[in-house]
Every structure is written in structure tokens, then in C-alpha cells.
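Structure first, then comments.
Excluded from the calculations below are hydrogen atoms, water molecules and symmetry mates; all remaining heavy atoms, backbone and side chain alike, are included. All figures in this text were calculated on a predicted structure; none of them were measured in a lab. Note on naming: letters A, B, ... go to the chains in the order of the sequence lines (proteins, then strands), and numbering restarts at 1 for each one.
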Amino acid sequence: MNFRQRVYALVRLIPSGRVLAYGDVATALGSPRAARQVGYALAALGDDTVPWHRVVRKSGHIAHGGEPGRAPLQRVLLEAEGVVFDAGHVDMARHRWQPEAGDVAGV
DNA sequence: GGTTTGACCATAA
DNA sequence: CTTATGGCCAAAC
């Protein structure tokens, strides 16, 4: 399976109110240094069947996409799920989700 | 095949 | 706090 498809599959498993860093997704897929590919995969994402807004930077800050208006939208979607924003960034220590072994195996 | 690119990350100043 | 630099891996050309 392509790397991008694996990214989509894993992101779909993120529960509501939880977030993951690009690097965390890459690590869960077995390539800890492929954080850029995760963002690349989400950028090429056409369908909205994937909760892409639950993926942020490791700092908890929202990534600067080339598409204008995407960042504010992402924040709104996260806050709607109960994610707490502190000084413009997500509290990662509080909302970071850790994928379980069974979840990644199913992909 | 080589080269470019990018919703990243870590480090340093 | 900001800016700069290098590395990284997969996809696209």
C-alpha cells in the first residue's frame, strides 16, 4: 500500500477531541523521519473522508498550508471537538493520541 | 535513472 | 521571541 494511503487510514482512526503530530503519524507508520510525507499526503488529499484537522505540528501549532483559510478552519473544527487552545496552540501533552498496536496492524 | 519539492523536525544564534 | 541551516523521506516530474 502507498505511504499516503497508510497516512489516510491512520488519520481516520484518530478519535474525536484528540490530535497527532505529523511526526507521530510517521512514527506510527514505521518511518519516524517521514513527517514531511505526512503533510504532503494530507495536502494531496482530495476527499474529506479523513479528519485531517486532527493532525498538527509537534509544537501544537497549526501548520501553514498553501491553501488560505485552512488554518482558521482547522482550529474551529478542533475546538468544536473539545480541543483546548492555549495562546494559539494546542496543548499537546493533554490532547496527543497514541495509536494502539491493533489499530496500526489493521491498516 | 536523477532532480525538485514540500500541511516537518531539531538545533543554533 | 524570531530567523537560518541541515537533514529527512516519499512522491512527482
Side-chain angles (χ1 to χ4, degrees):
Chain A
M1 189 183 286
N2 291 337
F3 187 85
R4 282 160 47 164
Q5 295 178 318
R6 275 180 279 175
V7 172
Y8 302 152
L10 180 63
V11 173
R12 283 198 201 93
L13 299 178
I14 305 179
S16 176
R18 292 300 190 79
V19 295
L20 265 184
Y22 295 94
D24 293 337
V25 176
T27 301
L29 294 180
S31 301
R33 308 308 175 98
R36 305 186 71 160
Q37 303 343 297
V38 177
Y40 190 34
L42 294 180
L45 179 62
D47 302 327
D48 49 353
T49 61
V50 179
W52 54 268
H53 54 273
R54 293 180 188 151
V55 184
V56 296
R57 288 211 197 180
K58 213 168 197 181
S59 325
H61 204 274
I62 298 182
H64 57 62
E67 195 172 345
R70 185 191 54 76
L73 170 66
Q74 181 168 4
R75 170 167 180 166
V76 170
L77 290 173
L78 287 175
E79 287 181 322
E81 293 180 349
V83 176
V84 178
F85 274 75
D86 175 48
H89 63 81
V90 182
D91 188 344
M92 291 301 287
R94 182 174 155 82
H95 293 288
R96 194 166 105 92
W97 177 66
Q98 301 176 242
E100 302 175 10
D103 297 333
V104 214
V107 184

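Within the 4.5 Å cutoff, the side chain of A:Ile62 has heavy atoms near those of the A:Arg75 side chain. In this structure the side chain of A:Tyr8 never reaches within 4.5 angstrom of the side chain of A:Thr49, judged on heavy atoms. With contacts defined as side-chain heavy-atom distances shorter than 4.5 Å, the pair A:Val7/A:Trp52 does not qualify. Inter-residue side-chain proximity for A:Leu20 and A:Arg54 is flagged as unmet; no heavy-atom pair is nearer than 4.5 Å. Here the side chains of A:Met92 and A:Val56 are in contact, with some heavy-atom distance below 4.5 Å.
The two residues A:Tyr22 and A:Val38 have their closest heavy-atom pair at O-CG2, 3.6 Å.
Put simply, the side chain of A:Arg70 and the base of B:dA7 share a donor and an acceptor less than 3.5 Å apart.
One can place CD1 of A:Ile14 at 19 Å from P of B:dA7, the figure rounded to the nearest angstrom. To the nearest angstrom, P of C:dA10 lies 16 Å from CE of A:Met1. Distance A:Tyr40 OH to B:dC9 C1': 19 Å, rounded to the nearest Å. Here C:dA12 presents its P atom at 13 Å from CG of A:Leu45, a figure rounded to the nearest Å. Atom-to-atom, OH of A:Tyr8 to C1' of C:dA10 comes out at 12 Å; the value is rounded to the nearest Å. Between A:Arg4 atom CZ and B:dC8 atom C1' there is a gap of 17 Å when expressed in whole angstrom units. Separating the CG atom of A:Leu78 from the C1' atom of B:dA7 is a distance of 13 Å, rounded to the nearest angstrom. Rounded to an integer number of Å, the gap from NE2 of A:His64 to C1' of C:dT3 is 13 Å.
Taking the charged nitrogens against the carboxylate oxygens, A:Glu81 and A:Arg18 have no contact shorter than 4.0 Å, which rules out a salt bridge.
For residues 15-28 of chain A, proximity to DNA chain B is found at A:Tyr22, A:Gly23, defined as any non-hydrogen atom under 4.0 angstrom from a strand atom.
Summary of the strand contacts: A:Arg36 and A:Ser31 both lie near DNA chain C, and taking for each the nucleotide with the nearest heavy atom, the more 5' one is attributed to A:Arg36. Where A:Gly39 and A:Lys58 meet DNA chain B, the nucleotide closest to each residue was compared, and A:Gly39 sits on the side nearer the 5' end. Taking the nucleotide of DNA chain C with the nearest heavy atom to each of A:Ala34 and A:Ala44, the more 5' of the two is matched to A:Ala34.
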